[in-house]
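The block underneath contains the structure these notes are about, expressed in C-alpha coordinates.
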Amino acid sequence: MRMDELAQLLEGRVACPGAREITGGIVGDLLSHIMAHGQSGQAWVTVQKHINVIAIAVLHDMAAIVLPEGLLPEPEALEKAKAEGVGIILSPLPAFVCCGRLYRAFDNREHRGA
(Lines give C-alpha, C1' and ligand atoms only; values in the text may rest on other atoms or scores of the structure.)
Protein backbone atom coordinates (compact mmCIF):
# COMPACT_ATOMS: atom_id res chain seq x y z
CA MET A 1 0.00 0.00 0.00
CA ARG A 2 1.24 3.49 -0.80
CA MET A 3 1.30 6.43 1.63
CA ASP A 4 -1.46 8.30 -0.21
CA GLU A 5 -3.69 5.20 -0.14
CA LEU A 6 -3.25 4.80 3.60
CA ALA A 7 -3.86 8.51 4.19
CA GLN A 8 -7.12 8.28 2.24
CA LEU A 9 -8.15 5.14 4.15
CA LEU A 10 -7.57 6.97 7.45
CA GLU A 11 -9.27 10.17 6.26
CA GLY A 12 -6.00 11.94 6.87
CA ARG A 13 -3.16 13.62 5.05
CA VAL A 14 0.48 12.95 4.39
CA ALA A 15 2.57 15.34 6.48
CA CYS A 16 5.84 13.80 5.36
CA PRO A 17 6.09 11.58 2.29
CA GLY A 18 7.80 8.25 2.57
CA ALA A 19 9.14 6.10 -0.24
CA ARG A 20 8.63 2.67 1.31
CA GLU A 21 5.69 0.39 0.52
CA ILE A 22 3.46 -0.21 3.56
CA THR A 23 3.26 -3.96 4.14
CA GLY A 24 1.52 -4.19 7.52
CA GLY A 25 1.08 -2.41 10.79
CA ILE A 26 1.90 -2.19 14.44
CA VAL A 27 0.35 -0.15 17.24
CA GLY A 28 1.81 0.95 20.53
CA ASP A 29 3.04 3.83 22.60
CA LEU A 30 5.61 2.00 24.69
CA LEU A 31 8.81 2.61 22.74
CA SER A 32 10.61 -0.45 24.11
CA HIS A 33 7.77 -2.68 22.87
CA ILE A 34 8.00 -1.24 19.36
CA MET A 35 11.79 -1.57 19.45
CA ALA A 36 11.34 -5.28 20.23
CA HIS A 37 8.55 -6.01 17.74
CA GLY A 38 8.73 -3.44 14.93
CA GLN A 39 9.39 -4.68 11.41
CA SER A 40 10.38 -3.26 8.07
CA GLY A 41 7.54 -1.85 5.99
CA GLN A 42 5.10 -1.38 8.85
CA ALA A 43 2.88 1.61 9.49
CA TRP A 44 3.13 2.41 13.20
CA VAL A 45 0.04 3.89 14.86
CA THR A 46 1.06 5.88 17.95
CA VAL A 47 0.21 8.99 19.93
CA GLN A 48 3.92 9.57 20.57
CA LYS A 49 5.02 12.50 18.44
CA HIS A 50 8.60 13.24 19.43
CA ILE A 51 11.93 12.65 17.71
CA ASN A 52 12.57 9.28 19.41
CA VAL A 53 9.69 7.80 17.42
CA ILE A 54 11.52 8.63 14.21
CA ALA A 55 14.69 6.97 15.49
CA ILE A 56 12.83 3.74 16.19
CA ALA A 57 11.09 3.84 12.81
CA VAL A 58 14.49 4.26 11.13
CA LEU A 59 15.96 1.41 13.21
CA HIS A 60 13.35 -0.98 11.80
CA ASP A 61 13.02 0.58 8.32
CA MET A 62 9.33 1.25 8.97
CA ALA A 63 7.34 2.75 6.14
CA ALA A 64 5.23 5.25 8.08
CA ILE A 65 4.12 6.66 11.38
CA VAL A 66 0.41 7.34 11.82
CA LEU A 67 -0.53 10.03 14.32
CA PRO A 68 -4.24 9.67 15.14
CA GLU A 69 -6.74 11.99 16.83
CA GLY A 70 -5.51 15.13 15.09
CA LEU A 71 -2.11 15.00 16.74
CA LEU A 72 0.77 16.88 15.12
CA PRO A 73 4.43 15.84 15.22
CA GLU A 74 6.88 18.00 17.10
CA PRO A 75 8.84 20.18 14.65
CA GLU A 76 12.12 18.35 15.34
CA ALA A 77 10.43 15.02 14.65
CA LEU A 78 9.01 16.24 11.36
CA GLU A 79 12.41 17.51 10.22
CA LYS A 80 14.10 14.22 11.19
CA ALA A 81 11.40 12.21 9.38
CA LYS A 82 11.99 14.25 6.21
CA ALA A 83 15.74 13.73 6.48
CA GLU A 84 15.38 9.98 7.05
CA GLY A 85 12.59 9.31 4.56
CA VAL A 86 10.07 8.16 7.16
CA GLY A 87 6.50 8.91 6.16
CA ILE A 88 4.09 10.57 8.57
CA ILE A 89 0.33 10.43 8.18
CA LEU A 90 -1.95 12.63 10.25
CA SER A 91 -5.46 11.30 10.88
CA PRO A 92 -8.38 12.91 12.70
CA LEU A 93 -9.72 9.45 13.57
CA PRO A 94 -9.27 7.76 16.96
CA ALA A 95 -6.34 5.33 17.19
CA PHE A 96 -8.79 2.42 17.58
CA VAL A 97 -10.46 3.24 14.27
CA CYS A 98 -7.10 3.72 12.51
CA CYS A 99 -5.96 0.30 13.70
CA GLY A 100 -9.19 -1.35 12.61
CA ARG A 101 -9.01 0.13 9.13
CA LEU A 102 -5.34 -0.73 8.77
CA TYR A 103 -5.99 -4.31 9.85
CA ARG A 104 -8.96 -4.67 7.52
CA ALA A 105 -6.90 -3.36 4.60
CA PHE A 106 -4.31 -6.11 5.13
CA ASP A 107 -6.65 -8.86 6.35
CA ASN A 108 -6.68 -10.69 3.01
CA ARG A 109 -3.02 -10.14 2.19
CA GLU A 110 0.06 -11.79 3.51
CA HIS A 111 1.55 -9.24 5.86
CA ARG A 112 3.70 -8.77 8.88
CA GLY A 113 2.52 -7.37 12.15
CA ALA A 114 -0.60 -9.41 12.86
Side-chain angles (χ1 to χ4, degrees):
M1 178 180 295
R2 295 186 324 262
M3 288 282 296
D4 60 324
E5 293 172 325
L6 182 57
Q8 182 178 9
L9 181 71
L10 301 180
E11 300 177 23
R13 66 179 179 89
V14 176
C16 181
R20 295 175 191 88
E21 181 78 8
I22 299 164
T23 59
I26 190 166
V27 60
D29 300 317
L30 186 60
L31 301 184
S32 60
H33 177 80
I34 303 302
M35 284 181 69
H37 300 285
Q39 296 179 18
S40 177
Q42 289 178 323
W44 174 14
V45 180
T46 182
V47 297
Q48 300 285 347
K49 52 188 186 167
H50 50 78
I51 197 166
N52 293 342
V53 171
I54 308 305
I56 293 169
V58 169
L59 176 70
H60 288 296
D61 196 32
M62 291 181 172
I65 295 166
V66 176
L67 294 177
E69 303 170 12
L71 294 171
L72 299 173
E74 293 178 358
E76 305 83 28
L78 185 59
E79 289 305 312
K80 185 67 170 173
K82 288 178 183 176
E84 297 288 350
V86 176
I88 297 179
I89 294 173
L90 308 177
S91 175
L93 301 174
F96 181 77
V97 174
C98 289
C99 293
R101 289 185 182 187
L102 184 61
Y103 178 81
R104 200 171 344 141
F106 285 98
D107 191 31
N108 294 320
R109 301 183 195 182
E110 183 174 325
H111 64 285
R112 290 171 263 162

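Everything numeric in this text was worked out from a predicted model, so none of it was measured.
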State whether the side chain of [X] and the backbone N or O of [Y] hold a donor-acceptor pair below 3.5 Å, judged by distance alone.
X    : Y   : value
T46  : G28 : yes
H60  : M35 : yes
R101 : L6  : no
E21  : M1  : yes

Heavy atoms only: give me the nearest [X]-[Y] pair and the separation to one decimal.
X   : Y   : answer
M3  : A64 : SD-CB, 3.6 Å
E74 : H50 : OE1-CB, 3.5 Å
A63 : G41 : CB-O, 3.5 Å
H37 : Q42 : O-OE1, 4.2 Å
C98 : P68 : SG-CB, 4.0 Å
L67 : P73 : CD1-N, 3.5 Å

Interatomic distance, D4 atom CG to R13 atom CZ [nearest 0.5 angstrom]: 15.0 Å
I56 with I51, same ILVMFWY side-chain cluster at under 4.5 Å: no
Heavy atoms of other groups near Q8 CD, more than 12 under 6.0 Å: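 Open.
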Ion pair E76/K80, N-O distance below 4.0 Å: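 Salt bridge flag = no for K80 with E76.
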